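Accompanying notes for the structure given below.
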Amino acid sequence: MKWTERIINAVRPTSDRPRAGRAIVARKEDSVRDYPSAGLTPSRLATIFKEADDGSLSTAMELFEQMEEKDAHLFSIANTRRLALTGLEWQVMSAGEMRDGVDRNIAEEAAAYCREILSSVETFDEVLQHLSLAIGRNIALAEIVWDFVDGELRPVDLAAVDFTRIVFDEWDRPRILTAEAPRDGVELAPNKFIVHTPHSVSGHPQRGGLLRVTAMVYLAKNLSLKDWMIFAEVFGMPVRIARYDATATEDEKRELLHMLESLGSNAAGIFSRAVELQIVEANRGTSGPPYERLVDFLNREMSKAWLGQTLTTDIAGQSGSIAASRVHEEVRKDILADDIRKEGRTIRRDLLGPMTRLRFGPHAPVPFFTRRPSRPANTRELAEMLDVAVNQLGVKIPSGWAHEALGIPTAAATDAFLPGRAP
């Protein structure tokens, strides 16, 4: 009997066995939104954050969504950060490849099972994109929908949980609002939910998201843009001045004012010889207000918060060297590596862990979830690095990884291949 069959037939505790079917159903309220960003002020922003600290996240989550909708630069850098993660292919690696002292046969069997299940769940990639939104909001939830397939309980679907349905209890534990519990929410059932909180090191899990970090910058930029638009509308157009004779009647003054208003839209008007007309251009000979410089500064502050640098997003008005650009690009790689590590930790804990334990038992080695590294642009440098690592240092590198990194397919037994000079 195979190890898998022996474990499946064994008697296992069922206290943490997840319930089959959906636990969270959609509500009409999920499609309704308020607009807290309209008329946002510093005091109102502080109130929204205090509500979030007290456990009510709906207003803060609505604000975060609208911040990305209204600010093109914020939308761009947020998508750049998230797509750097979700744009990479995911992979499930055996615990035997990642750790020593693990039975490789058992570990590979568990990894193969998890790969098969995740590949069959059509919504898995969509849920990964939903979980990546936690980079800005610092929390994202997804429900694991279990069901019996051939007499075995396994995940058959994944469902993203709307952000406005998340609340926290007095111990800062997440709960989900339902029709039966619209205020305090319900407790998360064990092994039923994926909870991704990438920035939570200590303290309240609502205080680490990047959208909260950049909220004040967004507000300052929003107010600056409003002032800039008002300035462009009022002071960007020439001022029309008409001087009338002291003997002019009230009717003549009103008619003259109407003619000036018509001149603004039609650029044409008829005036008496007694009327002196003067058009004064706005801002001639002046540098103008510093709105553009302020907006550029605030955009750079957003880029620093999300990407750790600015040279890969905007170099307008800046001077930078190739060396500085490479340093900034390395910063982005460090951030991506951290995002991959945190995503993998969450998926392994909340999804692969329950899947493995439910099928193979409580002591089975849980596989690891990670992302395939992007192929390097300079394959010559990679080939030289592999030459030094393998031939001179004796480093053991899996041939599959080398083929993947170099973009070279593995030859089948029946394929003709280039012999080369390599042994």
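None of the values given here were measured: they were computed from a predicted structure.
The shortest non-hydrogen separation linking Val195 to Arg349 is O-NH2, 2.8 Å. For the residue pair Ile77 and Leu307, the shortest heavy atom distance occurs at O-CD2, 4.0 Å. The two residues Val186 and Ala181 make their nearest non-hydrogen contact at CG1-CB, 4.0 Å. Across all their heavy atoms, Leu358 and Leu153 have their closest contact at CD2-O, 3.5 Å. Across every non-hydrogen atom of Gln66 and Pro36, the tightest pair is NE2-CD, 3.3 Å. Between Gly208 and Asn138, the shortest heavy-atom distance links the atoms N-ND2, 3.7 Å.
Screening residues 65-77 for salt bridge (Lys or Arg N to Asp or Glu O under 4.0 Å), with sequence neighbours left out, gives Arg33-Glu65, Glu68-Arg82, Glu68-Arg137, Asp71-Lys221. Listed by first and then second residue, the ring pair (Phe, Tyr, Trp, His ring centres under 6.0 Å) pairs involving residues 157-190 are His130-Phe163, Phe168-His204 (not counting sequence neighbours). Counting only residues at least two apart or on different chains, no side chain to side chain donor-acceptor pair (under 3.5 Å) pair has a member in residues 93-106. For the salt bridge (Lys or Arg N to Asp or Glu O under 4.0 Å) condition, the pairs that include at least one residue of residues 111-124, sequence neighbours left out, are Glu108-Arg115.
Inter-residue side-chain proximity for Leu128 and Arg371 is flagged as met; some heavy-atom pair is nearer than 4.5 Å. At least one side-chain heavy atom of Ile347 sits less than 4.5 Å from a side-chain heavy atom of Leu131. For the pair Ser37/Leu63, a side-chain contact is recorded, criterion being any heavy-atom separation below 4.5 Å from C-beta on. Asp339 is not listed as a side-chain neighbour of Pro198, based on a closest heavy-atom distance of 4.5 Å or more. Arg81 places a side-chain heavy atom less than 4.5 Å from the side chain of Leu210. The shortest side-chain heavy-atom distance between Met67 and Thr214 falls under the 4.5 Å cut-off. In this structure, the side chains of Leu118 and Leu352 come closer than 4.5 Å at one or more pairs of heavy atoms. Taking the side chain as every heavy atom from C-beta outward, Met61 and Ile139 approach each other to under 4.5 Å.
Counted by atom type alone, Ser56 and Asp54 present zero donor-acceptor pairs between their side chains at under 3.5 Å. For the residue pair Ser132 and His196, no side-chain donor N or O sits within less than 3.5 Å of a side-chain acceptor on the partner.
The structure places CG of Asp172 at 9.0 Å from CG of Asp53, a figure rounded to the nearest 0.5 Å. In this structure, NE2 on His363 lies 12.0 Å from CD1 on Ile106, to the nearest 0.5 angstrom. Between the CD1 atom of Ile340 and the NZ atom of Lys333 there is a distance of 12.0 Å, given to the nearest 0.5 Å. Atoms CG and CG, from Leu219 and Leu40 in turn, are 5.0 Å apart once rounded to the nearest 0.5 Å. To the nearest 0.5 Å, atom CD1 of residue Ile48 and atom CG of residue Leu57 are 12.0 Å apart. Note that the CD1 atom of Ile117 and the CZ atom of Phe124 stand 12.0 Å from one another [nearest 0.5 Å].
For the salt bridge (charged side-chain N to carboxylate O under 4.0 Å, His left out) test, no residue two or more places apart in sequence or in another chain qualifies with Glu180. Judged as a side chain to side chain donor-acceptor pair (under 3.5 Å), and not counting sequence neighbours, the contacts of Arg341 are Asp338. In this structure Arg348 satisfies the salt bridge (charged side-chain N to carboxylate O under 4.0 Å, His left out) test with no other residue, sequence neighbours excluded. Scored by the salt bridge (charged side-chain N to carboxylate O under 4.0 Å, His left out) test, Arg19 finds no partners at all (sequence neighbours excluded). In this structure Ala84 satisfies the side-chain contact (heavy atoms from CB on, under 4.5 Å) test together with Leu336, sequence neighbours excluded. Partners of Asp30 by salt bridge (charged side-chain N to carboxylate O under 4.0 Å, His left out), not counting sequence neighbours, listed by chain and number: Arg27, Arg165.
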What side-chain donor-acceptor pairs closer than 3.5 Å can you find for residues 140-148, not counting sequence neighbours?
residue: Glu143; atom: OE1; partner: Arg22; partner atom: NE; Å: 3.3
residue: Glu143; atom: OE1; partner: Ile24; partner atom: N; Å: 3.2
residue: Glu143; atom: OE2; partner: Ala23; partner atom: N; Å: 2.5
residue: Glu143; atom: OE2; partner: Lys192; partner atom: NZ; Å: 3.0
residue: Trp146; atom: NE1; partner: Asn191; partner atom: O; Å: 3.0

Kindly list each side-chain donor-acceptor pair under 3.5 angstrom involving residues 387-397, sequence neighbours excluded, with atom names and distances?
residue: Asp387; atom: OD1; partner: Asn391; partner atom: ND2; Å: 2.4

Phe369 vs Leu351, test: side-chain contact (heavy atoms from CB on, under 4.5 Å). Steps then yes/no.
CA-CA 10 Å; Phe369 182 89; Leu351 182 57; over 6 Å; no
- prompt: Are Glu292 and Val295 close enough, and set up right, to give a side-chain contact (heavy atoms from CB on, under 4.5 Å), and what steps lead you there?
  reply: CA-CA 5 Å; Glu292 184 174 4; Val295 170; 5.8 Å; no
- [ ] Please step through side-chain contact (heavy atoms from CB on, under 4.5 Å) for the pair Trp306 and Ile335, ending with a clear verdict.
- [x] CA-CA 9 Å; Trp306 282 84; Ile335 292 175; over 6 Å; no
Apply side-chain contact (heavy atoms from CB on, under 4.5 Å) to the pair Thr59 and Asp34, showing each step before the final yes or no. CA-CA 8 Å; Thr59 304; Asp34 289 331; over 6 Å; no
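A donor-acceptor pair under 3.5 Å is formed between the side chain of Thr41 and the backbone N or O of Arg44. Formation of a donor-acceptor pair under 3.5 Å by the Thr123 side chain with backbone atoms of Leu158 is found in this model. Side chain of Asp162 to backbone of Thr164: a donor-acceptor contact under 3.5 angstrom is found. Checking side-chain atoms of Arg175 against main-chain N and O of Asp184 turns up a donor-acceptor pair under 3.5 Å. Between the side chain of Ser76 and the backbone N or O of Ala72 there is no donor-acceptor pair closer than 3.5 Å.
Aromatic ring pairs are classed by plane angle as parallel below 30°, tilted from 30° to 60° and perpendicular above 60°; the pair Trp228 and Tyr291 is parallel. Ring-plane geometry between Phe360 and Tyr113 is classed as perpendicular, the angle between the planes exceeding 60 degrees on a 0 to 90 degree scale with a lower cut at 30.
Taking a 6.0 Å sphere around CD of Glu187, one finds it holds 12 or fewer heavy atoms contributed by other residues, nucleotides or ligands.
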